[in-house]
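What follows is one structure encoded as structure tokens, with my remarks underneath.
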Amino acid sequence: QVQLVESGGGLVQPGGSLRLSCAASGRTFTSGTMGWFRQAPGKEREFVAAIRGFGRTTYYADSVKGRFTISRDNAKNTVYLQMTNLESEDTAVYYCTAGMGLITSSIRNGAAYAHWGQGTQVTVSS
């Protein structure tokens, strides 16, 4: 059974940084796509970032481009999200996700991913 376990969330002041981690178990996603989505209270889930397997191509939502960096360590079957210059609008539950065989047009569509973590809370507040 596939499991994705996120860690690294917490409370941070505006302008601060956090690094989220997501460790996958049950299968390897070396050739698959791993990513992050988030959901703020009262809002729909939205795409944040994704990274391809072998090609290492990355994708970002416009709202986080230049502030967030996604990376992965295939040897550890783990994906990371480095978040800098955090804003109050970044407050949300962040979900790790993974999938195989995604086409480029589906990267930002949560329905295309088969596996999801339980989520980790990120709160940006002074």
Side-chain angles (χ1 to χ4, degrees):
Q1 182 177 355
V2 175
Q3 278 194 312
L4 302 178
V5 180
E6 304 100 334
S7 61
L11 173 64
V12 63
Q13 293 185 342
S17 300
L18 278 177
R19 188 194 195 206
L20 304 183
S21 300
C22 171
S25 61
R27 71 159 294 166
T28 59
F29 291 98
T30 304
S31 61
T33 301
M34 300 187 77
W36 295 90
F37 284 72
R38 67 186 181 186
Q39 187 166 20
K43 295 188 176 181
E44 293 187 353
R45 182 181 62 190
E46 65 174 359
F47 169 79
V48 176
I51 182 167
R52 290 289 202 183
F54 295 120
R56 298 299 182 103
T57 304
T58 57
Y59 306 82
Y60 295 96
D62 288 343
S63 59
V64 306
K65 201 173 295 183
R67 300 188 298 121
F68 291 10
T69 302
I70 189 170
S71 61
R72 63 190 294 169
D73 184 338
N74 284 336
K76 296 182 179 180
N77 215 21
T78 298
V79 64
Y80 305 96
L81 186 68
Q82 178 68 49
M83 306 184 293
T84 63
N85 196 19
L86 283 160
E87 305 167 352
S88 58
E89 291 77 14
D90 296 316
T91 296
V93 176
Y94 284 69
Y95 297 92
C96 173
T97 187
M100 304 296 294
L102 273 70
I103 59 176
T104 300
S105 61
S106 67
I107 288 288
R108 291 174 170 79
N109 182 356
Y113 294 83
H115 308 287
W116 291 83
Q118 291 299 308
T120 185
Q121 177 70 46
V122 171
T123 302
V124 184
S125 175
S126 56

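Just so you know, these numbers come straight off a predicted model, no measurement behind them. Position 1 is the first residue of the sequence; numbering continues from there.
When all heavy atoms of Gln121 and Val93 are compared, the pair lying nearest together is OE1-CG2, 3.2 Å. Scanning all heavy atoms of the two residues, the minimum distance from Val2 to Arg27 falls at CG2-CG, 3.5 Å. Residues Ala49 and Leu81 share a closest heavy-atom pair of CB-CD1, 4.2 Å. In plain terms, the two heavy atoms of Tyr60 and Thr69 that are nearest each other are OH-CA, 3.3 Å. Closest heavy-atom contact between Pro14 and Ser126: CD-N, 3.7 Å. In terms of heavy atoms, Gln82 sits closest to Ser17 at NE2-CB, 4.1 Å.
With sequence neighbours excluded, the residues that form a side-chain hydrogen bond (donor to acceptor under 3.5 Å, both in side chains) with Asp90 are Arg38, Arg67.
Counting only heavy atoms from C-beta outward, the side chains of Ser125 and Leu11 approach each other to under 4.5 Å. Residues Tyr95 and Val48 are not in side-chain contact: their nearest non-hydrogen atoms beyond the backbone lie 4.5 Å or more apart. Taking 4.5 Å as the limit, every side-chain heavy atom of Phe47 sits out of range of all side-chain heavy atoms of Asn109. In this structure the side chain of Cys96 never reaches within 4.5 angstrom of the side chain of Trp116, judged on heavy atoms.
In this structure, the separation between SG on Cys22 and CE on Met34 is 4.5 Å, given to the nearest 0.5 Å. Distance check: Ser7 OG to Arg19 CZ gives 9.5 Å after rounding to the nearest 0.5 Å. Note: Phe29 CZ to Arg72 CZ = 9.5 Å, rounded to the nearest 0.5 Å. Distance check, rounded to the nearest 0.5 Å: CG of Leu20 to CZ of Phe68 gives 8.0 Å.
Within the 3.5 Å criterion, the main-chain N or O of Gly26 finds no donor-acceptor partner in the side chain of Gln1. Put simply, the side chain of Asn77 gets close to the backbone of Ala24: a donor and an acceptor are under 3.5 Å apart. In this structure, the side chain of Thr30 does not engage the main chain of Thr28 through any donor-acceptor pair within 3.5 Å.
Under the 4.5 Å side-chain heavy-atom criterion for Ile, Leu, Val, Met, Phe, Trp and Tyr, Tyr113 and Tyr94 are members of distinct hydrophobic clusters. Linking ILVMFWY residues whenever their side-chain heavy atoms come closer than 4.5 Å, directly or via other members, leaves Val12 and Tyr80 in distinct clusters. Under the 4.5 Å side-chain heavy-atom criterion for Ile, Leu, Val, Met, Phe, Trp and Tyr, Phe37 and Met83 are members of distinct hydrophobic clusters.
At most 12 non-hydrogen atoms from other residues, nucleotides or ligands lie less than 6.0 angstrom from CD of Gln3.
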Donor-acceptor contacts under 3.5 Å from residues 100-107 side chains, at least two apart:
from	atom 1	to	atom 2	distance (Å)
Thr104	OG1	Arg52	NH2	3.3
Ser106	OG	Ile103	N	3.3
Ser106	OG	Ile103	O	2.7

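Because its NZ or CZ atom is not both nearer than 6.0 Å to the ring centre of Tyr59 and within 45° of the ring axis, Arg108 does not count as a cation-pi partner of that residue.
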